[in-house]
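First the structure, in the form of structure tokens, and then the observations on it.
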Number of protein chains: 2
Amino acid sequence: MNKVFKALNDQTRREILNLLKEKDLTAGDIAEAFQITKPSISHHLDILSQAELVTSHKQGQFVIYSLNTTVLDDLMKWIITLKD
Amino acid sequence: MNKVFKALNDQTRREILNLLKEKDLTAGDIAEAFQITKPSISHHLDILSQAELVTSHKQGQFVIYSLNTTVLDDLMKWIITLKD
DNA sequence: GTAATATTTAGATATTTGTCTAAATACCTA
DNA sequence: TAGGTATTTAGACAAATATCTAAATATTAC
């Protein structure tokens with residue numbers, strides 16, 4: 001859970017998740033949605049991957065990222081436990 | 001929401017919330033549950049307060065902290081929105 | 001008022017983090 | 001194989017963060 005909270009503690013990363021909610025996107029597509037450089041986005045995607053909030057697979061020269069809701073379910077359980 | 005994610009991005013603060021789930025506690029009670037100093041715990045409590053994850057009121061020389069689940073509800077909504 | 005207890009504030013420091021530029025890697029096309 | 005596009009890796013740097021010690025504030029008890 002540590003990595004999940006860390007990953008969510010950044011506005012850009014939360015927006016990336018929101019983009020991926022709509023549909024899968026390549027790293028390049030995601031980068032174009034922000035004002036920061038591609039290496040920075042790549043780094044954010046890495047942190048999201050480590051937290052398993054996103055998955056990715058290579059398709060030719062492109063890397064396609066997808067939202068992984070499994071971890072979001074775990075997060076929900078964590079919150080519910082806190083509430084009793 | 002920014003402050004909420006920030007506040008949750010720390011193991012000690014998440015454990016503080018878990019303690020407060022059981023019952024309200026004074027700052028001193030909370031500090032005793034951890035190996036870090038009282039000023040550090042005080043700082044963590046400040047961050048949790050800023051995120052409105054806890055509320056506090058003074059009772060004599062003691063400051064009593066309580067869990068505030070309202071923000072947790074907002075967090076749940078955020079997650080659900082992400083999942084559709 | 002003085003002393004004791006509870007908590008916070010102030011200031012310092014080492015670590016982590018988000019960002020950048022430059023370079024490297026991977027894949028495709030001709 | 002050479003050149004172009006997509007993405008990541010490496011290294012640097014400023015800002016944010018968690019922690020500490022020392023001091024300040026607030027309350028209670030005598």
Side-chain angles (χ1 to χ4, degrees), chain A residues 1-20 22-68 71 75 78, chain B residues 1-20 22-68 71 75 78:
Chain A
M1 278 311 255
N2 220 314
K3 289 185 178 178
V4 175
F5 286 112
K6 172 184 164 173
L8 292 175
N9 186 30
D10 182 273
Q11 180 66 35
T12 300
R13 289 195 289 268
R14 294 197 296 272
E15 285 179 27
I16 289 173
L17 295 179
N18 260 308
L19 286 178
L20 292 175
E22 302 304 330
K23 61 171 184 290
D24 295 353
L25 293 170
T26 67
D29 289 339
I30 295 167
E32 279 175 20
F34 299 90
Q35 297 288 25
I36 61 183
T37 64
K38 282 174 186 180
S40 294
I41 292 293
S42 186
H43 182 228
H44 284 310
L45 289 169
D46 182 47
I47 289 167
L48 288 168
S49 295
Q50 283 180 43
E52 294 180 79
L53 281 161
V54 304
T55 57
S56 64
H57 68 276
K58 199 151 193 177
Q59 196 166 87
Q61 6 176 211
F62 302 92
V63 177
I64 299 176
Y65 283 87
S66 313
L67 185 66
N68 175 26
V71 178
L75 182 57
W78 184 87
Chain B
M1 280 311 255
N2 220 313
K3 289 185 179 178
V4 176
F5 287 112
K6 174 184 164 174
L8 292 176
N9 185 31
D10 182 275
Q11 180 66 35
T12 300
R13 288 195 289 268
R14 293 196 298 272
E15 285 179 29
I16 289 173
L17 295 180
N18 260 309
L19 286 178
L20 292 176
E22 302 304 329
K23 62 172 186 288
D24 296 354
L25 294 169
T26 67
D29 289 338
I30 295 167
E32 280 176 19
F34 299 90
Q35 297 289 26
I36 60 184
T37 63
K38 282 174 186 178
S40 294
I41 291 292
S42 187
H43 182 230
H44 284 309
L45 289 169
D46 182 47
I47 289 168
L48 288 168
S49 293
Q50 281 179 44
E52 294 181 79
L53 282 162
V54 303
T55 56
S56 65
H57 68 277
K58 197 151 194 179
Q59 196 165 87
Q61 11 177 205
F62 301 92
V63 178
I64 298 176
Y65 283 89
S66 314
L67 184 65
N68 176 25
V71 177
L75 182 56
W78 184 87

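So that the names make sense, note that chain A is the first sequence line, chain B the second, and so on, each numbered from 1.
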In this structure, how many angstroms lie between the [atom2] atom of [N] and the [atom1] atom of [X], rounded?
{"X": "A/His43", "N": "D/dA6", "atom1": "NE2", "atom2": "C1'", "value": "19 Å"}
{"X": "A/Phe5", "N": "C/dT17", "atom1": "CZ", "atom2": "C1'", "value": "19 Å"}
{"X": "A/Ile47", "N": "D/dT9", "atom1": "CD1", "atom2": "P", "value": "12 Å"}
{"X": "B/Lys38", "N": "C/dA10", "atom1": "NZ", "atom2": "C1'", "value": "19 Å"}
{"X": "A/His57", "N": "C/dC27", "atom1": "NE2", "atom2": "P", "value": "14 Å"}
{"X": "A/Asp10", "N": "C/dT17", "atom1": "CG", "atom2": "C1'", "value": "9 Å"}
{"X": "B/Lys6", "N": "C/dG18", "atom1": "NZ", "atom2": "P", "value": "13 Å"}
{"X": "A/Leu48", "N": "C/dG18", "atom1": "CG", "atom2": "P", "value": "10 Å"}

base_contact_polar (D/dT28 base, B/Gln61 side chain, donor-acceptor, <3.5 Å): no
Per nearest nucleotide of DNA chain D, the residue lying toward the 5' end, B/Arg13 or A/Ile64, is A/Ile64
5'-most contact on DNA chain D (nearest-nucleotide basis), A/Asn9 vs A/Thr26, goes to A/Thr26
Measure from the side-chain heavy atoms of B/Ser40 and tell me the nearest of D/dT8, C/dT7, D/dT19. D/dT19
With the side chain of B/Ile36 defined as its heavy atoms from C-beta on, choose the nearest nucleotide among D/dC20, C/dT21, C/dT17. D/dC20
Pairwise side-chain contact, A/Leu20 with A/Ile30, heavy-atom cut-off 4.5 Å (strictly under): yes
With a 4.5 Å heavy-atom cut-off, do B/Val54 and B/Asn68 have their side chains touching? no
Please round to the nearest 0.5 Å and tell me the distance separating atom CG of A/Asp10 and atom NE2 of A/His44. 4.5 Å
Whichever of A/Gln35 and A/Lys58 has the more 5' nearest nucleotide on DNA chain C, that residue is A/Gln35
Describe the nucleic acid contact of [X] in one word from base, sugar-phosphate, nothing, applying a heavy-atom distance below 4.0 Å.
{"X": "B/His44", "answer": "sugar-phosphate"}
{"X": "B/Asp46", "answer": "nothing"}
{"X": "B/Phe34", "answer": "nothing"}

Can any side-chain N or O of B/Ser49 pair as donor or acceptor with the backbone N or O of B/Leu45 at less than 3.5 Å? yes
Has B/Tyr65 got a side-chain N or O lying under 4.0 Å from the OP1 or OP2 atom of C/dA6? no
Can you see if the side chain of A/Thr37 gets near the phosphate of C/dC20 - specifically, an N or O under 4.0 Å from OP1 or OP2? yes
Taking atom CD as the centre, does A/Gln11 end up with more than 12 heavy-atom neighbours from other residues, nucleotides or ligands that are less than 6.0 angstrom away? yes
